[in-house]
Amino acid sequence: LQSGAAICLPAVGGIAGCGVPSERAAATLDALISEECTLLMADTHTLKALPDPEKPLQLRGGVCKTGSGSTFLEETLDYAGIALKTIGKAAQ
């Protein structure tokens with residue numbers, strides 16, 4: 001993030017507890033569109049449930065948490081044609 005950047009957390013009002021991935025994914029897509037987000041931070045369950053956008057997004061990249069651990073991994077995942085870095089536990 002650079003100077004002047006902002007972090008947007010999707011509104012999850014009405015979602016009880018952790019909700020279901022499809023509810024979180026819908027809230028995430030709404031935020032990506034309405035806030036014209038350029039970076040996405042997601043977990044693997046939300047990313048798998050995230051529908052394809054109807055129009056191109058402003059995304060440039062992001063990170064997806066794929067499991068326990070805090071290591072940036074070599075693997076990347078794709079969302080809407082954008083490569084996302086992965087973070088999780090490195091294979092030993």
Within the distance-only criterion (no hydrogens, no angle test), does the side chain of Tyr79 pair as donor or acceptor with the backbone N or O of Leu59 below 3.5 angstrom? no
Would you call Thr76 and Leu84 a side-chain contact if the rule is heavy atoms closer than 4.5 Å? no
Side chains of Thr86 and Phe72 in contact at under 4.5 Å (non-hydrogen atoms): no
Residue pairs passing the side-chain hydrogen bond (donor to acceptor under 3.5 Å, both in side chains) test with at least one member in residues 46-59, sequence neighbours excluded, are Arg24-Thr46, Asp43-Thr46
Tightest non-hydrogen contact, residues Cys64 and Leu47, listed as SG-CD2, 3.7 Å
When Leu77 is tested against each of Val63, Thr66, Ile82 for side chain to side chain contact (heavy atoms under 4.5 Å, CB included), which residue passes? Thr66
Close side-chain approach of Pro51 and Leu29, heavy atoms under 4.5 Å: yes
If you round to the nearest 0.5 Å, how far is CG of Leu57 from SG of Cys37? 9.0 Å
Rounded at 0.5 Å granularity, tell me how far NZ in Lys85 sits from CD in Glu74. 8.5 Å
Any side-chain heavy-atom pair from Leu40 and Leu50 closer than 4.5 angstrom? yes
Quick check: does any side chain N or O of Thr71 sit under 3.5 Å from a backbone N or O of Lys89, one acting as donor and the other as acceptor? no
